[in-house]
2 protein chains.
Amino acid sequence: MADERAERVEREEAGGHRDADAVSRFVESFAAQLVEAGMQRMPARVFAALLSSDEGAMTSAELGDQLRISPAAVSGAVRYLAQQHMVSREREPGSRRERYRVHSNQWYEALTNRETVLKRWEGALREGVTSLGGHTPAGRRMAETLAFFEFVDGEISAMMERWRVHRATVFGEG
Amino acid sequence: MADERAERVEREEAGGHRDADAVSRFVESFAAQLVEAGMQRMPARVFAALLSSDEGAMTSAELGDQLRISPAAVSGAVRYLAQQHMVSREREPGSRRERYRVHSNQWYEALTNRETVLKRWEGALREGVTSLGGHTPAGRRMAETLAFFEFVDGEISAMMERWRVHRATVFGEG
DNA sequence: CCTTAACTTCACAAATTTCTGAAGGAAGCG
DNA sequence: CGCTTCCTTCAGAAATTTGTGAAGTTAAGG
């Protein structure tokens, strides 16, 4: 308790004016939602931290410090997030430091771009239709499910296009 | 190996004309996709088995037999699936047996009806906007993300309506 | 070049999750 | 009303996952 308070004061003296406790509470609660949705704990926490940073970017050390986790944990989490295209890595030229950035409006596009996932589901279902036979009840059910995913696939890009328009009108061309 | 073959012959003699091996391969590969998407293993396997059954329904015993799992495992998996509205339970009147059914065209509606999830995300984000302050860069990023989820929320029901129309034209009013 | 800072990888300990066997009901059937 | 069948619950063994410390790698800076 005393430690946390001391740390918070220290950080605020360093120039920030944010309520570190409130931010931390948000980070943990948002991360919890992500975890419940299937994301691993560390990636979720790291992502939430980046999302709630003013820069939209943090260094490995900052992440480890705020989340109280080891450099190894940061490394693993960031590798995962980068693979999922939810963050990108930046090298500050002339430094060994790396910054991890969440591209505010690109990350949820990545979320919907689970295209990879959808495509794999479709592949598995297609295989199912083949092995069950399109004339069997099970095969027909499978074919319908497949059609649904294909439909969703097609709809999503249209939806994202509408979102970009909507976003531009509300938030301006960011 | 010999066991598997014997079992398959046995099942086919029992009246089925399906290639049990092929079905099983599909069940496992589709379940694997579901697992990768965050579902627990047993629910995923049970669900895949139901989906690929001709009836679209199986008893607890049939599930345990096909998947080689204990009644306890079936029970747990089915409870989870029922909570998620992905299967429903049926009591054959005058029997202690219970059948678990996947309503072919309702389960993926349940998938998109992760409304609950979306709403919770929105709640967490709203909290984030409040604690970060709408005037800070982080707060603005958060607000935009929130707007995205609200947008998606609204779009999904429209999309599902279009799907129902599309489905009716392709598969008939099933 | 050598030093040092920063990130990564790896092996392992700890925590968590998963599945089972066994015991405990509920509900049909005689 | 007791027997039997089926389902559920529960405690615990087994497997998996998770996060750490320590060693290794890369690249900047003197």
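Any value given below was found using the heavy atoms of this structure, including those in side chains, with hydrogens, waters and symmetry copies removed. In what follows, every chain begins at residue 1, and chains take the letters A, B, ... in the order their sequences are listed.
- For A/S53, the side-chain contact (heavy atoms from CB on, under 4.5 Å) partners two or more places apart in sequence, or in a different chain, are A/M58.
- A close approach under 4.0 Å does occur between a side-chain nitrogen or oxygen of B/Q40 and OP1 or OP2 of C/dT18.
- Contacts between residues 45-56 of chain A and DNA chain D, counted as heavy-atom distances below 4.0 Å, involve no residue at all.
- For the pair A/Y100 OH and C/dT8 C1', the interatomic distance rounds to 9 Å; values are reported in whole Å.
- With rounding to whole Å, A/E98 atom CD is found 12 Å from C/dA6 atom P.
- By the ring pair (Phe, Tyr, Trp, His ring centres under 6.0 Å) test, A/F149 pairs with A/W121, sequence neighbours left out.
- When the nucleotides C/dC19, C/dC7, C/dT9 are ranked by their closest atom to the side chain of A/R79, C/dT9 comes out on top.
- Straight-line distance from the CZ atom of B/R68 to the P atom of C/dT20: 12 Å, rounded to whole Å.
- Residues passing the side-chain contact (heavy atoms from CB on, under 4.5 Å) test with A/S70, sequence neighbours excluded: A/A72, A/A73.
- With sequence neighbours excluded, no residue satisfies side chain to side chain donor-acceptor pair (under 3.5 Å) with B/R140.
- The span of DNA chain D lying next to chain B, judged by atoms under 4.0 Å from heavy atoms, is bounded 5' to 3' by D/dT4 to D/dT9.
- Residues meeting the side chain to side chain donor-acceptor pair (under 3.5 Å) test with B/E98, sequence neighbours left out: none.
- With sequence neighbours excluded, no residue forms a ring pair (Phe, Tyr, Trp, His ring centres under 6.0 Å) with B/H85.
- Rounded to an integer number of Å, the gap from CD of A/E62 to P of C/dC7 is 10 Å.
- Among pairs with a residue in residues 49-60 of chain B, those fulfilling salt bridge (charged side-chain N to carboxylate O under 4.0 Å, His left out) read B/R18-B/D54, at least two apart in sequence or across chains.
- When the P atom of C/dA6 is taken as reference, atom CG of A/L63 falls 14 Å away, rounded to whole Å.
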Q.
So if I define the base as every atom that isn't primed, P, OP1 or OP2, how would nucleotides 21-30 of chain C read as a B/S/- string at a heavy-atom cutoff under 4.0 Å?
A. B-----BSS-

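- A salt bridge links A/E36 with B/R120: at least one charged nitrogen is closer than 4.0 Å to a carboxylate oxygen.
- Between A/S60 and the options A/D65, A/V74, A/V46, a side chain to side chain contact (heavy atoms under 4.5 Å, CB included) holds for only A/V74.
- A/S75 comes within 4.0 angstrom of a nucleotide base, judged by non-hydrogen atoms across all strands.
- By the side-chain contact (heavy atoms from CB on, under 4.5 Å) test, B/Q83 is found to be paired with B/R79, residues two or more places apart in sequence or in another chain being considered.
- Residues B/R41 and B/T59 both approach DNA chain D. Their nearest nucleotides, taken by heavy-atom distance, put B/T59 toward the 5′ side.
- For A/Y100, the ring pair (Phe, Tyr, Trp, His ring centres under 6.0 Å) test picks out no residue, with sequence neighbours left out.
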